[in-house]
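Step one of this worksheet: look at the structure below.
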Amino acid sequence: IIQQKLQLKDAALGKFAKRYLEFVKTADKLTEAESEAMHKELLADLETIEFQAMKAEMNVHNRRRNHEWAAAECQQLRRTIDTTRAEISRLEAQLALEMKKRSNKMEYENYAKMILDFPAPEQSQEELRKLEAEIDVLKEKLRRQEEIIDMKQKQLHLLLSSIVDFRDMTEIEALRRPEKE
């Protein structure tokens with residue numbers, strides 16, 4: 001587009017140069033009024049070309065300013081992107097830390113629930129004392145039962161021994177009686 005505009009302006013300048021040269025060549029042959037009219041046309045064309053040149057210069061200046069502004073904005077945008085990336089990295093690290101804290105808290109709460117399911121140490125010690133007392137009572141009962149069993153065994157042994165002795169005596173007497181009869 002810029003090249004096309006430059007070609008058009010170059011063509012307009014070339015056309016002006018041809019008209020000027022034509023004016024110079026024919027200036028002797030023209031009347032003063034024709035010469036004055038042609039001179040005014042050439043001045044008007046020259047003013048138009050100067051205006052277009054000034055306009056082009058302003059366009060170049062504006063484009064250069066726009067380009068500088070865009071470059072500055074681009075640099076600012078890059079800095080903003082770098083800052084945002086750094087912030088994202090920092091937030092990701094913070095998120096990972098917070099997630100780890102939350103995981104630890106949940107694990108702690110699970111352990112706390114498990115611990116709360118068990119009775120308090122004082123209560124456990126009291127129950128342990130009761131169980132130990134109960135065990136002592138049962139041991140005492142067992143000892144008494146063992147004494148009773150031991151005594152019953154002795155009595156049974158004595159009874160069996162007495163039965164054996166009685167049987168032996170009966171046999172001996174039975175053997176003696178036939179002799180007496």
Side-chain angles (χ1 to χ4, degrees), residues 1-139 142:
I1 294 175
I2 294 173
Q3 190 173 5
Q4 289 173 348
K5 285 182 178 182
L6 287 174
Q7 286 174 350
L8 289 173
K9 289 177 185 178
D10 192 35
L13 192 58
K15 190 176 178 184
F16 173 77
K18 282 181 187 177
R19 285 185 66 204
Y20 177 72
L21 289 174
E22 188 180 306
F23 170 70
V24 170
K25 284 181 189 177
T26 59
D28 301 345
K29 299 175 188 172
L30 296 174
T31 65
E32 193 175 317
E34 290 175 336
S35 204
E36 191 68 32
M38 189 121 179
H39 180 259
K40 284 184 182 180
E41 284 179 23
L42 285 172
L43 284 176
D45 287 348
L46 186 59
E47 283 180 12
T48 303
I49 289 172
E50 284 178 345
F51 176 74
Q52 288 176 349
M54 196 168 66
K55 186 176 161 186
E57 186 179 337
M58 292 298 285
N59 281 338
V60 167
H61 177 72
N62 284 338
R63 287 183 185 198
R64 189 173 289 135
R65 247 186 23 207
N66 286 343
H67 177 70
E68 290 170 357
W69 175 83
E73 286 296 312
C74 185
Q75 287 177 345
Q76 178 61 32
L77 184 60
R78 283 190 180 126
R79 284 192 297 272
T80 302
I81 287 171
D82 291 342
T83 303
T84 303
R85 283 185 178 150
E87 182 70 11
I88 287 171
S89 295
R90 185 188 69 76
L91 290 173
E92 283 175 340
Q94 185 178 354
L95 176 64
L97 179 65
E98 291 300 322
M99 288 175 70
K100 182 67 176 169
K101 284 181 181 178
R102 184 172 186 219
S103 171
N104 289 345
K105 183 179 178 183
M106 290 174 67
E107 189 174 346
Y108 172 80
E109 287 174 355
N110 286 337
Y111 286 135
K113 285 178 186 176
M114 287 173 43
I115 289 170
L116 291 176
D117 288 343
F118 293 105
E122 297 82 19
Q123 186 181 1
S124 295
Q125 288 175 348
E126 181 61 33
E127 286 180 25
L128 183 62
R129 274 187 240 130
K130 287 179 183 177
L131 290 174
E132 285 174 346
E134 200 174 311
I135 287 172
D136 289 343
V137 168
L138 291 173
K139 280 182 180 179
L142 179 65

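For the single chain, residues carry numbers from 1 onward in sequence order. None of the values given here were measured: they were computed from a predicted structure. Only this structure's heavy atoms are used, side chains among them; waters, hydrogens and symmetry mates stay out.
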Separation between [atom1] of [X] and [atom2] of [Y], rounded to the nearest 0.5 Å:
{"X": "Arg102", "Y": "Leu95", "atom1": "CZ", "atom2": "CG", "result": "11.0 Å"}
{"X": "Met58", "Y": "Phe51", "atom1": "CE", "atom2": "CZ", "result": "10.0 Å"}
{"X": "Glu34", "Y": "Glu41", "atom1": "CD", "atom2": "CD", "result": "11.0 Å"}
{"X": "Ile81", "Y": "Cys74", "atom1": "CD1", "atom2": "SG", "result": "8.0 Å"}
{"X": "Glu134", "Y": "Lys139", "atom1": "CD", "atom2": "NZ", "result": "13.0 Å"}
{"X": "Leu97", "Y": "Leu91", "atom1": "CG", "atom2": "CG", "result": "12.0 Å"}

Candidate pair Glu73 and Leu77, rule side chain to side chain contact (heavy atoms under 4.5 Å, CB included), full reasoning: CA-CA 6 Å; Glu73 286 296 312; Leu77 184 60; over 6 Å; no

Using a strict cut-off of less than 4.0 Å between a Lys/Arg side-chain nitrogen and an Asp/Glu carboxylate oxygen, indicate whether [X] and [Y] qualify as a salt bridge.
{"X": "Arg129", "Y": "Glu132", "result": "no"}
{"X": "Glu127", "Y": "Lys130", "result": "no"}
{"X": "Lys101", "Y": "Glu98", "result": "yes"}

Any side-chain heavy-atom pair of Glu107 and Tyr111 under 4.5 Å: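 Sidechains of Tyr111 and Glu107: in contact.
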
Min side-chain heavy-atom separation Thr80-Thr84 under 4.5 Å: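 Answer yes - side chains close enough.
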
Results of side chain to side chain contact (heavy atoms under 4.5 Å, CB included) for Glu36 - residues two or more places apart only: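 Only Lys40 meet the side chain to side chain contact (heavy atoms under 4.5 Å, CB included) criterion with Glu36.
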
May I ask you to check whether over 12 heavy atoms, not counting those of [X], lie within 6.0 Å of atom [atom1]?
{"X": "Glu32", "atom1": "CD", "answer": "no"}
{"X": "Glu87", "atom1": "CD", "answer": "yes"}
{"X": "Arg78", "atom1": "CZ", "answer": "no"}
{"X": "Arg64", "atom1": "CZ", "answer": "no"}

Backbone of Ala72 reached by a side-chain donor or acceptor of Gln75 within 3.5 Å: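 No, Gln75 side chain to Ala72 backbone: no donor-acceptor pair under 3.5 Å.
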
